[in-house]
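Report on one structure; see the data block that follows.
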Amino acid sequence: MKFTKRTFMKSLLAVSVLGFAGLSSLPAYSNTEDPLKLGFLVKQPEEPWFQTEWTFADKAAADLGNVQIIKIAVPDGEKTLNAIDNLAANGAKGFVICTPDPKLGPAIMAKARSYKMKVITVDDQFLNAAGEPMTQVPLIMMAAEEIGQRQGQELYKEMLNRKWDVKETAVLAITADELDTARRRTEGSISALIASGFPEKQIYKSPTKSNDIPGALDAANSMLVQHPEVKNWLIVGMNDNTVLGGVRATEGQGFKATNVVGIGINGTDAVNELSKPNPTGFLGSLLPSPDVHGYRSVELLYKWVKDDVEPEKFIAIGDPVFLKRENFKEELAKKGL
Ligand code: GLA
């Protein structure tokens with residue numbers, strides 16, 4: 001091969017992509033054909049949720065054979081667009097993405113189109129310039145409203161179990177309404193609480209500035225101080241970290257675990273909390289199927305690229321499992337997590 005400046009640049013890019021994608025093990029192919037390369041880009045690689053999607057993306061690739069998944073962390077817009085350039089330089093034919101910001105949708109699609117790459121979204125849906133969902137881009141996500149409703153029902157059930165006086169109880173709902181899946185989960189939860197009979201006027205919403213524990217902790221703290229009259233708190237939030245932030249805030253303000261119930265969503269991100277020797281206010285978590293999100297999305301992308309089979313535009317994955325301290329190890333193992 002003639003060693004031109006271009007090939008040198010290409011190999012540099014390849015090395016840098018493989019480097020930050022954390023690809024320690026390249027698949028061992030017995031055949032000599034180049035592997036089909038597909039990207040898997042996620043906004044928050046520190047969340048076990050996304051690590052699980054990556055793991056199952058690799059499983060799908062192994063089952064399909066001669067497919068290589070290039071995994072890249074995309075915490076912001078700039079990194080996302082750079083990642084797409086890097087994928088193209090590496091010859092990737094498409095990618096699965098959970099975007100750091102739904103409003104990047106048009107920019108991501110324009111770039112992907114310029115490289116003739118296929119795109120499948122997971123978890124978070126793209127929005128167009130008018131703020132409407134980009135329903136033409138295939139999406140695999142959890143059944144957000146249904147899982148939220150389950151959260152509300154389980155919170156109400158636990159309030160009854162504990163024989164709390166509803167007059168002394170309030171709901172702290174930590175919201176992230178800019179993210180549609182988050183809004184649908186918390187709205188689902190709140191509507192299920194109201195439908196069960198919880199008084200609407202005792203439901204307090206506090207928006208979080210960031211979708212992580214510190215952001216949720218701040219949002220919760222500012223609401224807790226406004227309601228010194230409340231003895232017991234039920235905590236609603238869009239995922240485990242949000243609810244964990246809420247629980248940490250109640251602890252910081254002197255509430256005992258017996259006066260707090262939080263139920264997360266994701267499951268994968270609740271393992272440390274549920275492993276603690278003493279119960280906290282975090283009762284458990286609803287585990288949907290990050291394994292299915294990771295596996296299915298790669299399988300669909302592969303068929304699209306390879307056989308031109310267009311995926312369905314929308315796949316919602318429901319039926320969460322309620323993980324608690326007593327069953328979480330067993331339930332996670334059942335799913336191979
Ligand atoms: C969003 C959240 C993640 C996870 C996924 C699952 O992206 O930020 O924590 O809940 O949805 O769909």
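When a ligand or atom number is given, it counts from 1 through the structure's own listing order.
- Each of the following atoms of ligand 1 lies closer than 4.0 Å to a heavy atom of Lys43: 1 (C), 2 (C), 7 (O), 8 (O).
- Within the structure, salt bridge (charged side-chain N to carboxylate O under 4.0 Å, His left out) contacts touching residues 276-294 (residues at least two apart or in different chains) are Glu273-Lys276, Asp291-Lys335.
- The atoms of ligand 1 that sit less than 4.0 Å from any heavy atom of Phe50 are 3 (C), 7 (O).
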- Query: Would Ile140 and Ile317 count as a side chain to side chain contact (heavy atoms under 4.5 Å, CB included) if you check the C-alpha gap in whole Å, the side-chain angles of each, and the deciding distance to 0.1 Å?
  - Reply: CA-CA 7 Å; Ile140 300 182; Ile317 314 271; 4.1 Å; yes

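- Ranking protein heavy atoms by distance to atom 10 (O) of ligand 1, first place goes to Asn266 OD1, 2.6 Å.
- Interface of Met142 with ligand 1, defined as ligand atoms under 4.0 Å from a residue heavy atom, comprises 6 (C), 10 (O), 12 (O).
- Around CG of Asp76, the count of heavy atoms belonging to other residues, nucleotides or ligands within 6.0 Å exceeds 12.
- Under a 4.0 Å heavy-atom criterion, Asp124 is in contact with ligand 1.
- Taking only nitrogen or oxygen atoms, main chain and side chain alike, Thr181 does not reach within less than 3.5 Å of ligand 1.
- In terms of protein heavy-atom proximity, atom 12 (O) of ligand 1 is closest to Asp123 OD1, 2.8 Å.
- Residues Trp164 and Glu168 bring no donor and acceptor atom of their side chains to less than 3.5 Å of each other.
- The stretch residues 38-49 participates, sequence neighbours left out, in these salt bridge (charged side-chain N to carboxylate O under 4.0 Å, His left out) pairs: Lys43-Asp124.
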query = When you look at Glu331 and Lys334, which way does the salt bridge (Lys or Arg N to Asp or Glu O under 4.0 Å) test go after all the steps?
reply = CA-CA 5 Å; Glu331 290 296 340; Lys334 270 194 216 161; 3.0 Å; yes

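- Scanning the protein for heavy atoms near atom 5 (C) of ligand 1, the closest one is Arg185 NH2, 3.6 Å.
- Of all the heavy atoms of Met238, the ones lying under 4.0 Å from any atom of ligand 1 belong exclusively to the side chain.
- In the vicinity of Glu47, heavy-atom distances shorter than 4.0 Å reach the ligand 1 atoms 3 (C), 9 (O).
- Applying the 6.0 Å contact sphere to CD of Glu200 captures no more than 12 heavy atoms from other residues, nucleotides or ligands.
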